[in-house]
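Only one structure is covered here, and it is reproduced in the block below.
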Amino acid sequence: MRKKFVAGNWKMNKNFQQAEELLDELVDVVSAKAAPDVDVVVCPPFVFIEMALDICRDEQSRNVFSIGAQDVSAYTSGAYTGEVSAEMIASMEAEYCIVGHSERRKYHGETDTTVAQKVELLLQNSLTPIVCVGETLEERENGVLFDVIKTQLTDGLFHLQPMDFSHIVIAYEPVWAIGTGKTATDKQAEEMHKYIRSLIEEKYGKEIARKTPILYGGSCTPQTAPSLFAQPDIDGGLIGGASLKADDFVSIINSFGK
Ligand code: PGA
């Protein structure tokens, strides 16, 4: 059995007080209501990571959820104003980091090459990369969606040794579904997840392919999560908008087996 997994990507939302309120609420709601067999990760903006870890530590005996970052520098350290390194994230005891999100690709020039560099640094620092891949609407309409995903995986990840690859979480996030309210259908999502798993199997073999968590992201809601998560190759979700409301987030966490 693969792990079930739900990660919340807060993006650039909330001020300090609002973040604190949401984290307090999440700790309460997730510890009281969430299915215990789902790994839950919350990825707030960098500036709230310390607070998030403190709030989780208070509850650590209950292991409510883990904390991740939304991005990391492609450089190790030094004169890179504004950047945050993998070592910094690891030294705070966060455990995960999103890489290659389409918003980073679109607005900040992230490429498969920088994804590869970032993944390398995260693994060196024992952080788990959540690596996003996804096609645009135009690429889907032009029928090149599978080629796009294959290139993103090959250039961003398939340089890894099998041992390292086994620490990766993949998120399939069709760009046209992110923040648009237009969730991929179960069929569209499962088709791509199955394809991604087949590429992993080709490269790393059956066992690693079977174990790699592949999350769906893109307008996932409490309404759409149950049937998406029921697909054989969908192991959970990377949740944007709906992770900003504790009740919606916990409903999504509880969507497995519904
Ligand atoms: P969304 O974002 O759920 O708001 O569509 C998902 C993501 O970008 O990770």
Side-chain angles (χ1 to χ4, degrees), residues 4-14 18-19 22 26 30 38-46 48-49 52 65-72 94-110 115 118-119 122 128-137 139-140 145 148-149 152-153 156 168-186 188-189 192-193 196 213-229 231 234-256:
K4 299 170 192 149
F5 200 102
V6 174
N9 173 12
W10 286 15
K11 309 193 181 184
M12 196 172 72
N13 289 295
K14 307 284 177 190
Q18 293 163 340
L22 177 56
L26 277 172
V30 174
V38 182
D39 280 2
V40 181
V41 181
V42 173
C43 302
F46 282 128
F48 304 144
I49 286 183
F65 47 77
S66 306
I67 298 299
Q70 297 175 16
D71 183 37
V72 64
E95 294 169 67
Y96 293 84
C97 184
I98 299 170
V99 190
H101 191 281
S102 67
E103 288 149 16
R104 301 282 334 159
R105 292 179 192 259
K106 181 171 172 194
Y107 302 120
H108 302 278
E110 182 117 328
V115 168
K118 290 177 179 192
V119 164
L122 292 171
T128 301
I130 303 173
V131 181
C132 304
V133 295
E135 81 287 359
T136 62
L137 185 59
E139 288 162 343
R140 177 166 279 265
L145 63 166
V148 168
I149 303 301
Q152 290 174 347
L153 288 171
I168 299 290
V169 175
I170 292 175
Y172 169 56
E173 299 207 310
V175 179
W176 48 270
I178 296 176
T180 57
K182 203 168 172 242
T183 322
T185 64
D186 302 340
Q188 287 171 324
M192 188 56 86
H193 281 234
I196 292 171
I214 308 176
L215 316 181
Y216 168 79
S219 297
C220 192
T221 63
Q223 290 71 42
T224 55
S227 58
L228 281 164
F229 294 1
Q231 303 305 311
I234 300 184
D235 307 310
L238 179 54
I239 316 300
S243 72
L244 297 170
K245 291 190 199 122
D247 287 335
D248 284 354
F249 192 51
V250 88
S251 299
I252 292 174
I253 297 166
N254 288 334
S255 293
F256 294 93

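Atoms within a ligand are numbered from 1 in the order they appear, just like the ligands themselves.
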Note to self: Just to be sure I read this right, does ligand 1 sit under 4.0 Å from the backbone of I178, its side chain, both, or neither, counting only heavy atoms?
What the structure shows: both
Margin query: Working to the nearest 0.5 angstrom, can you tell me the gap between I98 CD1 and N9 CG?
Written below: 4.0 Å
Margin query: Are any of the N/O atoms on K11, whether in the backbone or the side chain, positioned under 3.5 angstrom from an N/O atom of ligand 1?
Written below: yes
Item checked: For E173, atoms of ligand 1 separated by under 4.0 Å from a heavy atom -> 6 (C), 7 (C), 8 (O), 9 (O)
Item checked: Backbone N/O of V175 and side chain of T136: donor-acceptor pair under 3.5 Å -> no
Checklist line | Proximal ligand 1 atoms for G218, defined as those under 4.0 Å from one of its heavy atoms | finding: 5 (O)
Check: Under a heavy-atom criterion of less than 4.0 Å, does G217 contact ligand 1?
Finding: no
Note to self: Does atom NZ (K14) have a neighbourhood of more than 12 heavy atoms from anything else shown, all under 6.0 Å?
What the structure shows: yes
Item checked: For H101, atoms of ligand 1 separated by under 4.0 Å from a heavy atom -> 7 (C), 8 (O), 9 (O)
Note to self: How close do I67 and V41 get, counting heavy atoms only, and between which atoms?
What the structure shows: C-CG1, 4.2 Å
Check: Quick one: which ligand 1 atoms are inside 4.0 Å of a heavy atom on G241?
Finding: 1 (P), 3 (O), 4 (O)
Next item on the list: Could you tell me if the ring centre of F5 sits under 6.0 Å from that of Y96?
Entry: yes
Checklist line | Main-chain N/O of C43 paired with Q70 side-chain donor or acceptor, under 3.5 Å | finding: yes
Note to self: Distance under 4.0 Å to a non-hydrogen atom of N9: what atoms of ligand 1 satisfy this?
What the structure shows: 9 (O)
